[in-house]
Amino acid sequence: MLDLKLFNSLTRRKEDFNPLDATHVRLYACGPTVYNYAHIGNARMAVVFDVLARVLRRQYPKVTYVSNITDVDDKIMDAARESGEAIDAITEKFTRIYNEDMAALNVAPPDVQPRATTHIPQMIALIETLITRGHAYEAQGHVLFNVPSFPAYGGLSGRSRDEQIAGARVEISPFKKDPADFVLWKPSSQDQPGWDSPWGRGRPGWHIECSAMAQEHLGVPFDIHGGGADLKFPHHENEIAQSCCAHGALHDLSAFAKVWVHNGFVTVQGEKMSKSLGNVMLVHDLLRDWPGEVLRLTLLSAHYRQPLDLSLDKIAEQARVLEKFHKRLAALDGPEDPALQVPPSVMEALLDDLNTPQAIAALNALLQREDGPELKADLLAAGAIIGLFQNSADWQPHAETVPDFVQDLLAQRIAARKEKNFKRADEIRDQLIAKGWRIEDTPQGPVAHKI
RNA sequence: GGCGCGGUGGCAGAAUGGCGAUGCAGAGGACUGCAAAUCCUUGAAUGCGGGUUCGAUUCCCGCCCGUGCCUCCA
């Protein structure tokens with residue numbers, strides 16, 4: 001059996017993956033903060049780690065994949081203030097929408113989807129440990145992590161404590177012992193969500209939740225920790241600091257998670273999506289026009305570590321690609337169940353640091369083979385590990401409904417063709433094209449596709 | 001300013017110290033009443049300047065360009 005290779009952000013090298021326990025691989029990926037609809041960047045993270053989990057499940061007998069929901073955060077409080085909705089209502093609503101949207105992209109639910117608000121005691125316990133060990137201190141109702149107490153700090157992002165301070169654009173709070181110190185716990189006013197703690201009523205800082213939830217559900221150390229590239233600093237750097245220090249590993253950055261995997265960004269017209277640029281593409285909106293599978297293929301069409309510049313043209317191109325596969329599959333006889341064996345060309349590509357473009361190229365190569373049950377089984381097996389091709393019979397290139405006027409014109413054209421009135425039939429076709437509908441004549445009759 | 005990533009055909013996108021995949025688009029052909037869909041065939045690329053080397057797109061240095069993080073961010 002070939003081994004999985006992964007690029008480890010901690011060492012900046014592609015490495016053979018060697019699980020701590022080959023009978024149980026443990027994976028954690030930072031999930032979304034639920035205060036708005038998920039954008040396509042959230043989806044990229046979910047799809048990438050879904051593929052990683054699928055690959056791991058092929059290679060190892062047991063995999064536990066944990067991906068959290070952050071449901072306490074100042075952004076959520078802001079959203080609540082703006083909309084007038086209760087915080088709980090907002091987080092529940094957008095957690096549900098996130099899970100629905102990811103399901104539409106054929107993202108399998110993680111084994112555990114912990115929520116921050118149900119892990120407050122674990123966070124408090126972790127903070128207490130850090131205070132006891134001399135890595136954290138209380139100041140004016142806050143608890144802060146003392147960065148100089150962790151000599152290895154900065155190893156993930158390649159940024160020393162001094163460099164971080166030199167580039168800091170934030171005001172440094174006067175009660176910090178060191179300018180680089182960051183908040184573990186902060187006080188809440190009465191109108192803010194808060195929990196009782198040894199330091200008064202308050203709420204957790206951003207980073208402590210993942211340290212606590214990963215430890216709770218996976219144990220420390222575990223195998224793979226992932227997330228978007230922007231989380232490297234400060235989020236993951238601080239997670240490492242908290243968790244390593246809580247476990248007395250002052251010089252070993254891998255004492256928390258052995259391998260760190262970061263996916264690149266989705267950009268639009270070459271720039272990162274941001275609210276201020278107004279170029280944020282929401283999964284929810286895209287799903288109105290495209291099947292989730294098209295979006296999934298689009299997200300996997302570039303290597304996960306590369307930036308992915310998204311455009312409607314690119315999505316449309318992937319829809320054409322997917323249509324080709326589905327048509328071929330629909331015409332093949334054979335079992336509907338994906339075969340146990342993933343074609344080696346596809347598996348090898350995925351094992352090489354999740355090289356999905358290579359895997360898709362291998363998929364295209366499969367189409368060169370002769371029709372038959374073996375081809376169908378191989379395509380389905382290859383598709384299954386990438387998360388594609390599960391419903392060829394129902395495949396539609398667009399999430400579209402054909403309007404009545406199109407149906408009428410189609411019927412008129414059928415009649416005209418029956419009478420060999422081709423002039424009239426072609427007129428109708430031109431008319432439909434002008435209105436944005438392309439006709440495909442199939443053995444089952446004409447089908448209209450939106451252009 | 002500090003740290004990082006990238007520049008491959010018209011577009012997208014892999015890989016590689018020596019023949020540079022694959023897809024989309026384009027062109028030609030088959031099929032079709034004509035098309036569409038499908039199939040076959042096909043042209044087309046490594047930012048610039050040095051260095052290492054028998055040989056560099058690949059390794060090293062410099063430059064230019066783009067982009068990301070350093071503030072919330074997947």
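Residue numbering restarts at 1 for every chain, and letters A, B, ... go by the order of the sequence lines.
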With a cut-off of 3.5 Å and sequence neighbours excluded, list every side-chain donor-acceptor pair involving residues 29-41 of chain A.
from	atom 1	to	atom 2	distance (Å)
A/His39	ND1	A/Gly41	N	3.0
A/His39	ND1	A/Asn42	N	3.2
A/His39	NE2	A/Asn42	ND2	3.4

Counting only non-hydrogen atoms, which of [range] are less than 4.0 Å from RNA chain B?
{"range": "residues 88-107 of chain A", "answer": "none"}
{"range": "residues 349-361 of chain A", "answer": "A/Asn355, A/Pro357, A/Gln358, A/Ala361"}
{"range": "residues 366-374 of chain A", "answer": "A/Gln368"}

- Ring-ring centroid check A/Phe325 A/Phe389, cutoff 6.0 Å: yes
- Message: If I pick the P atom on B/rU53 and the same atom on B/rG13, what distance separates them, to the nearest angstrom?
- Response: 36 Å
- Message: Both atom distances under 3.5 Å, Watson-Crick or G-U wobble: I'd like the secondary structure of RNA chain B as a dot-bracket string, with | for pairs made across strands.
- Response: (((((((..(((.....[...))).(((((.......)))))....(((((..]....))))))))))))....
- Query: Starting at the 5' end of RNA chain B and moving along, which residue's nearest nucleotide shows up first, A/Lys14 or A/Gly264?
  - Reply: A/Lys14
- Message: Heavy-atom nearest nucleotide on RNA chain B for A/Arg12 versus A/Arg429: which residue maps closer to 5'?
- Response: A/Arg12
- Message: Please determine whether the number of non-hydrogen atoms from other residues, nucleotides or ligands lying under 6.0 Å from atom CG of A/Asp430 exceeds 12.
- Response: yes
Which residues satisfy the side chain to side chain contact (heavy atoms under 4.5 Å, CB included) test with [X], sequence neighbours excluded?
{"X": "A/Ala136", "result": "A/Leu130, A/Ile131, A/Val143, A/Leu184"}
{"X": "A/Lys232", "result": "A/Ser9, A/Leu156, A/His262"}
{"X": "A/Asp16", "result": "A/Lys5, A/Asn18"}
{"X": "A/Ala104", "result": "A/Leu287"}

- Message: Expressed as a whole number of angstroms, how long is the span from A/Glu239:CD to B/rA74:C1'?
- Response: 13 Å
- Item | Atom-to-atom span, CD of A/Gln269 to C1' of B/rA12 - whole angstrom | 16 Å
- Partners of A/Arg96 by salt bridge (charged side-chain N to carboxylate O under 4.0 Å, His left out), sequence neighbours excluded? A/Glu100
- Without swapping roles, check the side chain of A/Lys258 against the backbone of A/Ser254 for a donor-acceptor pair under 3.5 Å. yes
- Message: Any side-chain to backbone donor/acceptor pair from A/Asp181 onto A/Val147? Under 3.5 Å, distance only.
- Response: yes
- Message: So, using side chain to side chain donor-acceptor pair (under 3.5 Å) as the criterion, who are the partners of A/Arg296 when residues are at least two apart?
- Response: A/Asp50
[X] vs [N]: side-chain N/O to OP1/OP2 distance below 4.0 Å:
{"X": "A/Trp206", "N": "B/rC73", "answer": "yes"}
{"X": "A/Arg417", "N": "B/rA35", "answer": "no"}
{"X": "A/Ser301", "N": "B/rG23", "answer": "no"}
{"X": "A/Lys324", "N": "B/rC24", "answer": "yes"}
{"X": "A/Asn364", "N": "B/rU22", "answer": "no"}

- Item | Inter- and intrachain pairs under side-chain hydrogen bond (donor to acceptor under 3.5 Å, both in side chains), touching residues 105-117 of chain A, at least two apart | A/Arg57-A/Asp111, A/Asp71-A/Arg115, A/Asp71-A/Thr117, A/Asn99-A/Gln113
